[in-house]
Amino acid sequence: MEELQTIRHSLAHVLAKALKKYYGDVLLTIGPATADGFYYDIDLGQNLTSEDMPKIEAEMKKIINNNEKFEKIVVSKEKALELFKDNPYKTEIISELPDGEEISIYKLGEDFFDLCRGPHVASTGKLSNAGFEFKVINGAYWRGSEKNKMLQRVYFYAFANKAELAEHKKQVQEALKRDHNKLGRELEYFTTVDYIGQGLPIMLPKGAKTIQIMQRFVEDEEAKRGYLLTKTPLISKTELFKISGHLDHYRESMFIWGDEEKGEAFALRPMTCPFQYQVFLNRTRSYKDLPMRLAETSTLFRNEASGECHGLIRLRQFTISEGHIIVTPEQLEDEFRNCVDLAKYSLGCMGLGDDVSFRFSKWDENNKEKYIGSKEEWDRVQDKMREILNDLKIPFVEADGEAAFYGPKLDIQIKNVFGKEDTIITIQIDFQIAERFQMFYTDADGVKKNPYIIHRTSVGCYERTLAYLIEKYAGALPLWLAPEQVRILTINERNKDYAQGVADKFIENGLRITTDFRNETIGYKIREAMSQKLPYLVIIGEEEESNKTISIRGRGFENLSGLKVEDFINRLKEEVKTFKK
RNA sequence: GCUGAUGUGGCUUAGCAGGUAAAGCACCACCUUGGUAAGGUGGAGACCACGGGUUCGAGUCCCGUCAUCAGCUCCA
């Protein structure tokens with residue numbers, strides 16, 4: 001794998017050299033390997049487009065055919081600064097290196113050199129078998145900061161050989177067919193309307209139904225696990241968010257209206273926390289009240305920057321299975337464990353258990369703007385959380401600067417068909433907002449203490465989860481989540497009454513069915529049903545007047561005929577139960 | 001918010017030297033249909049995202065807005 005990284009990175013230099021040939025004034029910045037190739041960030045006076053790329057790719061091939069040597073040259077910092085004096089990006093990197101450090105520069109062929117740590121292949125001839133191809137050009141901020149200039153990022157696919165490249169491209173093509181944003185619209189799970197606005201999807205009946213199924217599942221499961229249901233307002237005077245700290249740290253993402261100076265301003269809620277805390281605050285609390293597990297199916301509003309909204313994954317209004325667990329310090333570990341267990345159970349039921357990864361999201365102690373609280377408190381809580389995670393034997397990665405403004409998180413991450421990662425479930429420890437709201441419980445020793453609060457979701461945001469379900473199953477959702485489980489079709493209208501009787505049996509057993517008794521050819525009706533990726537079809541005909549025949553079809557058109565209706569119904573109920581473990 | 005691309009009937013697309021919209025699927029009607037992934041005929045449906053501008057004339061050129069997509073930044 002390391003070798004592949006070397007190939008990719010070496011190719012980035014080849015690209016840089018090719019760009020330099022056609023665009024002499026191009027400013028090269030960095031060109032690292034990626035999961036499927038490499039990119040190079042460049043600053044160019046003009047816009048590079050995909051039409052410019054064939055000649056660049058041809059030039060890259062030429063450089064490879066020339067078998068040019070990568071030659072490492074070590075220079076002093078002063079010398080390096082001199083060599084790259086015309087490139088502010090390179091000089092910025094160099095000047096940040098410690099004084100006295102040897103700096104490596106790689107020469108490629110006779111007339112091109114680049115600042116780089118390496119390693120590279122010995123010469124470009126080693127790249128002759130590599131399969132690489134231009135992917136796309138996008139914008140990217142210098143050093144990932146929106147305060148900096150936006151550069152052009154040229155992405156390439158790159159693999160050890162051409163067969164692997166072809167295989168990868170095929171996989172990408174396949175993955176794109178599962179894109180929820182396309183499939184979800186085609187299969188009529190949701191749509192959007194220009195004049196309603198960004199990040200505000202219309203859930204069509206199928207999407208609404210699947211979300212209802214998930215929601216009922218979560219609410220029932222939470223009730224079993226000792227959660228208390230709450231229902232709190234979607235809006236509040238801004239006063240509430242002043243206390244919680246949202247106004248200071250989250251204002252840009254909030255919808256606020258009214259005159260804040262005169263105290264008559266209101267805001268749509270971006271989070272449920274400060275509302276749900278009022279349940280705890282309703283009267284004085286004893287340690288005997290804890291843990292207090294509060295849950296709410298909660299609609300939230302966040303004024304996302306316009307470029308952020310995406311399909312059902314990033315919205316301005318969404319609904320999450322939000323919950324807060326108010327605990328004593330001694331209860332923290334057990335309750336955190338319970339939350340992880342619920343999250344894993346939910347994911348397992350949806351079949352997403354193997355598609356997620358865990359991220360321990362910590363604060364960035366250098367970013368005091370973004371976070372509240374002292375370093376001591378953060379260290380203490382983060383150490384505690386790490387201890388719990390280690391104890392749970394969860395394989396997690398640590399990420400700085402990904403925490404909520406009030407505390408660290410365990411984020412359960414999932415990737416979409418483009419390979420982009422997002423959070424599907426989050427479990428957070430809040431050690432600060434409770435204090436701000438003066439939440440206390442009286443402990444056994446008679447002393448008033450601040451509780452810890454765990455913020456958590458059990459399937460996360462329903463819209464987002466639906467998106468991942470559509471992508472995971474290419475629209476053919478597991479039976480228990482399918483908005484329509486069985487469709488009953490008739491060969492002709494004469495079977496209508498009998499077919500309705502069959503349909504009633506499914507309904508009596510709590511199955512979600514639709515019927516299609518229209519006077520259309522059966523081939524037509526089957527085609528329509530199949531294109532909608534329905535789990536099962538039941539086709540009703542008759543041999544003679546009194547001898548009805550029933551043919552059952554599953555996904556992929558396999559024939560399940562021979563089953564009696566009653567047996568089939570039992571089989572479906574079993575399938576639902578099995579998937580939900 | 002930033003960079004780039006895109007926006008033609010419900011869907012997929014054609015139309016681009018600027019001369020007032022074309023097709024398939026879907027929809028509706030009629031006919032047909034005793035059988036397992038596209039039966040036939042006919043019909044309706046688009047001020048070409050929206051608003052300005054240039055022009056005798058704009059889907060086609062220019063500007064702005066909105067929306068959609070990819071990426072960056074941000075985030076559930």
Side-chain angles (χ1 to χ4, degrees), chain A residues 39 41 47-50 135-155 176 179 181-182 185-186 188 191-200 250 252-253 270-272 298 300 302-316 318-322 361 370 401-402 404-405 409 411-414 416 418-426 428 455-457 459-465 467 489-495 519-531 537 539-544 549 551-553 556-557 559 561:
Chain A
Y39 66 77
D41 281 354
N47 275 327
L48 202 62
T49 71
S50 53
K135 184 180 174 185
V136 69
I137 299 173
N138 277 309
Y141 296 109
W142 165 239
R143 300 207 133 177
S145 169
E146 62 183 334
K147 294 189 182 81
N148 291 337
K149 181 168 181 182
M150 178 155 279
L151 309 170
Q152 295 184 71
R153 178 169 292 178
V154 186
Y155 284 92
L176 292 186
D179 178 3
N181 206 3
K182 197 162 170 12
R185 291 169 195 269
E186 273 169 24
E188 299 192 284
T191 188
T192 50
V193 178
D194 283 12
Y195 47 80
I196 288 179
Q198 285 187 2
L200 300 168
Y250 212 78
E252 284 193 0
S253 298
M271 296 166 185
T272 320
S298 182
L300 305 179
R302 298 185 184 177
N303 193 2
E304 298 292 345
S306 61
E308 303 300 345
C309 297
H310 164 63
L312 292 180
I313 286 179
R314 197 71 182 274
L315 303 175
R316 282 183 165 157
F318 57 94
T319 299
I320 65 172
S321 54
E322 179 137 41
S361 300
K370 191 171 165 185
E402 296 287 350
F405 74 84
K409 311 189 281 181
D411 288 322
I412 303 182
Q413 303 291 103
I414 188 165
N416 74 1
F418 296 98
K420 189 169 178 169
E421 192 178 274
D422 262 301
T423 303
I424 184 165
I425 291 179
T426 184
Q428 314 171 353
H455 301 228
R456 44 99 278 174
T457 62
V459 304
C461 161
Y462 289 105
E463 293 87 344
R464 179 177 284 188
T465 302
L489 310 179
T490 49
I491 293 294
N492 64 40
E493 280 193 315
R494 267 187 285 144
N495 299 315
N519 195 20
E520 294 284 354
T521 62
I522 190 65
Y524 173 88
K525 291 199 269 195
I526 288 173
R527 180 174 62 78
E528 189 175 76
M530 286 299 177
S531 73
L537 300 185
I539 301 162
I540 295 173
E542 57 193 355
E543 295 293 350
E544 319 159 357
T549 62
S551 160
I552 300 167
R553 299 283 167 136
F557 218 52
N559 198 334
S561 297

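Chain letters run A, B, ... following the sequence lines, proteins first, then strands; residues in each count from 1.
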Short side-chain N/O contact to C66(B) OP1/OP2 from Gln198(A), under 4.0 Å: no
Gln198(A) side-chain N/O to Cys309(A) backbone N/O, donor-acceptor pair under 3.5 Å: no
Sugar-phosphate only, base, or nothing, as touched by Leu315(A) at under 4.0 Å among non-hydrogen atoms: base
Atom pair distance, as rounded to whole Å: CD in Glu304(A) and C1' in A67(B): 17 Å
Assigned partner base of G57(B), Watson-Crick or wobble definition, under 3.5 Å: none
Touch class at under 4.0 angstrom, heavy-atom based, for Thr521(A) against every strand present: base
Selection from A38(B), A76(B), G35(B) that lies nearest to any side-chain heavy atom of Ile491(A): G35(B)
Sugar-phosphate only, base, or nothing, as touched by Arg153(A) at under 4.0 Å among non-hydrogen atoms: sugar-phosphate
Whole-Å distance separating the NE2 atom of His310(A) from the C1' atom of C2(B): 18 Å
Touch class at under 4.0 angstrom, heavy-atom based, for Lys409(A) against every strand present: sugar-phosphate
Phosphate contact (G1(B) OP1 or OP2) by Ser306(A) side-chain N/O below 4.0 Å: yes
Nucleotide nearest Ala305(A) when distance is taken to its side chain, options G1(B), A70(B), C72(B): G1(B)
Sugar-phosphate, base or nothing in reach of Gly523(A), heavy atoms under 4.0 Å: sugar-phosphate
Value in whole Å for how far the C1' atom of A76(B) lies from CG of Asn303(A): 15 Å
Donor-acceptor pair present, Arg302(A) side chain and C74(B) base, under 3.5 Å: no
Integer-rounded Å distance: U6(B) P and Lys182(A) NZ: 17 Å
Touch class at under 4.0 angstrom, heavy-atom based, for Tyr155(A) against every strand present: sugar-phosphate
Distance, rounded to the nearest Å, where Asn148(A) contributes CG and C74(B) contributes P: 12 Å
Sugar-phosphate only, base, or nothing, as touched by Asp411(A) at under 4.0 Å among non-hydrogen atoms: nothing
Backbone of Thr490(A) reached by a side-chain donor or acceptor of Lys525(A) within 3.5 Å: yes
Nucleotide paired to G42(B) in any strand shown, Watson-Crick or G-U, under 3.5 Å: C28(B)
Arg527(A) side chain near A26(B) phosphate (N/O to OP1/OP2, under 4.0 Å): yes
Short side-chain N/O contact from Asn47(A) to OP1 or OP2 of G4(B), under 4.0 Å: yes
Positive for side-chain contact (heavy atoms from CB on, under 4.5 Å) with Gln152(A), one of Asn138(A), Leu48(A), Thr49(A): Leu48(A)
Nucleotide nearest Tyr524(A) when distance is taken to its side chain, options U36(B), A26(B), C75(B): A26(B)
For atom CD1 of Ile522(A) and atom C1' of A38(B), their distance in whole Å: 14 Å
pair Asp422(A)-Asn416(A): side-chain heavy atoms closer than 4.5 Å: no
Parallel, tilted or perpendicular: rings of Phe405(A) and Tyr250(A) (30°, 60°): tilted
Under-4.0 Å side-chain N/O to phosphate OP1/OP2 contact, Gln152(A) with U3(B): no
Rounded distance (Å) that lies between atom P of C2(B) and atom CH2 of Trp142(A): 22 Å
Sugar-phosphate only, base, or nothing, as touched by Lys370(A) at under 4.0 Å among non-hydrogen atoms: sugar-phosphate
Rounded distance (Å) that lies between atom C1' of A70(B) and atom CD of Glu308(A): 13 Å
